[in-house]
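See structure below.
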2 protein chains.
Amino acid sequence: MQTQTLSEENYLKVIYHLDKDGLKKITPTAISEALNNNPASVVDMIKKLVDKKLVQYEKSKGVKLTDKGRNIAILIVRKHRLWEVFLLEKLGYEWDEIHDIAEQLEHIQNSELADRLERFLGFPQYDPHGDPIPKANGEQAISYKTLLAEIAPGKSCKVVAVKDTSSSFLQYLKKLDIGIGTKITVLDKIPFDNSMSIAFGKTESTTVSKIFAENLLVHE
Amino acid sequence: MQTQTLSEENYLKVIYHLDKDGLKKITPTAISEALNNNPASVVDMIKKLVDKKLVQYEKSKGVKLTDKGRNIAILIVRKHRLWEVFLLEKLGYEWDEIHDIAEQLEHIQNSELADRLERFLGFPQYDPHGDPIPKANGEQAISYKTLLAEIAPGKSCKVVAVKDTSSSFLQYLKKLDIGIGTKITVLDKIPFDNSMSIAFGKTESTTVSKIFAENLLVHE
DNA sequence: CTTAAAAATTAGGCAAGACTAATAAATTAT
DNA sequence: ATAATTTATTAGTCTTGCCTAATTTTTAAG
Ligand SMILES: [Mn+2]
Ligand SMILES: [Mn+2]
Ligand SMILES: [Mn+2]
Ligand SMILES: [Mn+2]
């Protein structure tokens, strides 16, 4: 079992994430957008990954991870999310500071590292953004997350994750004082622009945009 | 303050370590031996580091770190040793397993990381191999270490570090059940080959070679 | 001082990963 | 079905870091 380069690992992870539903095809362009690089570079790398039997590629059917490729991707995601828990809970970083560091830590290579880290952290199920942490055997905890946008007026819900993980969004949330676990009550939905008026914590009522509501994942 | 590549960081660290006493000159050959690469590669890199003002180089006077270069090197060493403490104390790795992982972790970039890690670990002074952990301001704890080889028969001492950190040596120590903190009494020194007979723990007497005694650092 | 040995440097290459510009293929719209 | 547009692919470069094989310089010996 040879080891992957940092770049190969990042490609595998991106392909894995793009494969969410397994429905829509994963094209070089989609990968290049996710990695913020050039489609030509992606085509080069796809060839390498095919040679290493980490992905399959049929033109006009897109890229598919092989079992081997998927297992590697899942391990990277597992490490990423475990390190995020570590950074937040043990080192006291904020919600919006941990992702970039985990992006580096996820590539640390050692066969026992993820398992030891997981035990040390007390087998967390979710990362600080509410995403499930894959188990050692690759199993995924199911996450029944809904968009805030889909909650009906009058109902309450609890924040479990963010969809957009950009630091501009995370910082906006921090400013509002909304985090994982915050209980939100939907007061009203404005049909004109699909903005929402909500209540949470000490805030009796504030209005958030459609875009906002479509990027906050909650659990009823 | 731009950031260094992984390779540049490794060069700076090696140069820093070769500079122990500040006496003997640091040549391309010495660096290439430490990094296990080719002198020609070292000459290339020295040019880059000179351009970035991280080292000075005068032929036949060798390489010297600039203040900027030294500060970077010290931070890498600081991170390396802090991560080693983490791996041993928090994740339960063994003495001889941590160095290679720390070799990767030392390159994780985040301005607050070393300080947060240090606080989390309770401001350790020494790493698991007995080497001092540089402080945030770059200060070094002094370590008064002596070679076991220099301890006179009849005297006792305490293991504080290893000089050779190869895993063959560390594993030999583990097999003998000698670790940081082990109290050793020197029973006899054999002039013929400078081997030593020593007592420690439940071992009443065993003989170790000159090479062994010159790689174990102790404190009287 | 002259020569032999060791060390440093240069020149020329290679592989990984990325880019740009040009071309070919596949989609979508008319 | 054909044209227009969007995607994918190729060809050719570039940078980083490394290598080997000369060549030059420095150091050590005789
Ligand atoms: Mn993340
Ligand atoms: Mn990454
Ligand atoms: Mn170490
Ligand atoms: Mn390193």
Side-chain angles (χ1 to χ4, degrees), chain A residues 2-16 18-19 23-65 69 72-73 76 103-104 106-107 109, chain B residues 1-16 18-19 23-65 69 72-73 76 103-104 106-109:
Chain A
Q2 16 84 91
T3 185
Q4 279 62 53
T5 65
L6 188 145
S7 192
E8 285 168 349
E9 290 196 347
N10 282 332
Y11 274 90
L12 291 175
K13 191 179 71 158
V14 157
I15 294 167
Y16 175 75
L18 286 173
D19 194 33
L23 297 179
K24 64 174 166 302
K25 75 180 183 188
I26 299 163
T27 62
T29 310
I31 296 171
S32 78
E33 277 161 7
L35 284 171
N36 232 290
N37 70 358
N38 195 290
S41 311
V42 175
V43 172
D44 281 352
M45 182 58 89
I46 288 172
K47 283 175 192 152
K48 285 177 208 159
L49 295 176
V50 167
D51 285 348
K52 291 191 165 191
K53 304 208 195 302
L54 297 171
V55 307
Q56 288 178 268
Y57 185 50
E58 289 176 79
K59 54 181 60 180
S60 80
K61 293 193 69 178
V63 177
K64 288 256 166 296
L65 290 169
I72 292 166
I76 297 166
E103 205 58 48
Q104 302 171 63
E106 72 190 3
H107 301 287
Q109 303 280 353
Chain B
M1 185 187 64
Q2 15 86 92
T3 185
Q4 279 60 53
T5 66
L6 189 144
S7 192
E8 286 167 350
E9 290 197 347
N10 282 331
Y11 274 89
L12 291 175
K13 193 180 69 160
V14 157
I15 294 167
Y16 175 76
L18 287 173
D19 194 32
L23 298 178
K24 64 172 165 303
K25 73 179 183 189
I26 299 163
T27 61
T29 311
I31 296 170
S32 78
E33 277 161 8
L35 282 171
N36 232 291
N37 70 359
N38 194 288
S41 311
V42 175
V43 171
D44 282 351
M45 182 58 88
I46 289 173
K47 284 175 192 152
K48 286 177 208 160
L49 296 176
V50 167
D51 285 348
K52 292 191 165 191
K53 304 208 192 306
L54 297 171
V55 307
Q56 286 178 269
Y57 185 51
E58 289 176 80
K59 53 181 64 179
S60 80
K61 294 193 69 178
V63 178
K64 288 258 165 293
L65 289 169
I72 292 167
I76 297 166
E103 204 58 47
Q104 302 172 62
E106 71 190 2
H107 302 287
I108 303 293
Q109 303 280 355

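None of the values given here were measured: they were computed from a predicted structure. Just so it is clear: chains get the letters A, B, ... in the order the sequence lines come, proteins before strands, and each one is counted from 1.
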Can you tell which of D:dC18, C:dT9, C:dG17 lies closest to the side chain of B:Met45?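 Within the option list, the nearest is D:dC18.
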Extract all donor-acceptor atom pairs below 3.5 Å that involve side chains of residues 48-62 of chain B and protein atoms in other chains or at least two apart in sequence.
from    : atom 1 : to     : atom 2 : distance (Å)
B:Lys52 : NZ     : B:Glu8 : OE1    : 3.0
B:Lys52 : NZ     : B:Glu8 : OE2    : 3.1

B:Glu8 CD to D:dT16 P, straight-line distance once rounded to whole Å: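 Checked: the CD to P distance equals 9 Å.
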[X]: what forms a side chain to side chain donor-acceptor pair (under 3.5 Å) with it, not counting sequence neighbours?
{"X": "B:Glu106", "answer": "B:Lys13, B:His80"}
{"X": "A:Asn37", "answer": "A:Tyr11"}
{"X": "B:Asn10", "answer": "B:His107"}

Closest-nucleotide ordering on DNA chain C, the 5'-leading residue of B:Tyr57 and A:Tyr11: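 First, find each residue's nearest nucleotide; the 5'-ward one identifies B:Tyr57.
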B:Glu33: salt bridge (charged side-chain N to carboxylate O under 4.0 Å, His left out) partners, not counting sequence neighbours: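 Scan of B:Glu33 (salt bridge (charged side-chain N to carboxylate O under 4.0 Å, His left out), adjacent residues dropped) gives none.
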Results of salt bridge (charged side-chain N to carboxylate O under 4.0 Å, His left out) for B:Glu9 - residues two or more places apart only: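 Checked B:Glu9 against salt bridge (charged side-chain N to carboxylate O under 4.0 Å, His left out); zero matches.
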Please list, in numerical order, the residues of residues 31-40 of chain B that have a heavy atom closer than 4.0 Å to any atom of DNA chain D.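 Residues of residues 31-40 of chain B under 4.0 Å from DNA chain D: B:Asn37, B:Asn38, B:Ala40.
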Using the test side-chain contact (heavy atoms from CB on, under 4.5 Å), find all partners of A:Ala40 that sit at least two apart in sequence or belong to another chain.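 For A:Ala40, the residues satisfying side-chain contact (heavy atoms from CB on, under 4.5 Å) (neighbours in sequence not counted) are A:Asn38.
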Assign a letter to each nucleotide of nucleotides 22-28 of chain C from its 5' end: B, base within under 4.0 Å of a protein heavy atom; S, sugar-phosphate only; -, no contact. ----SS-
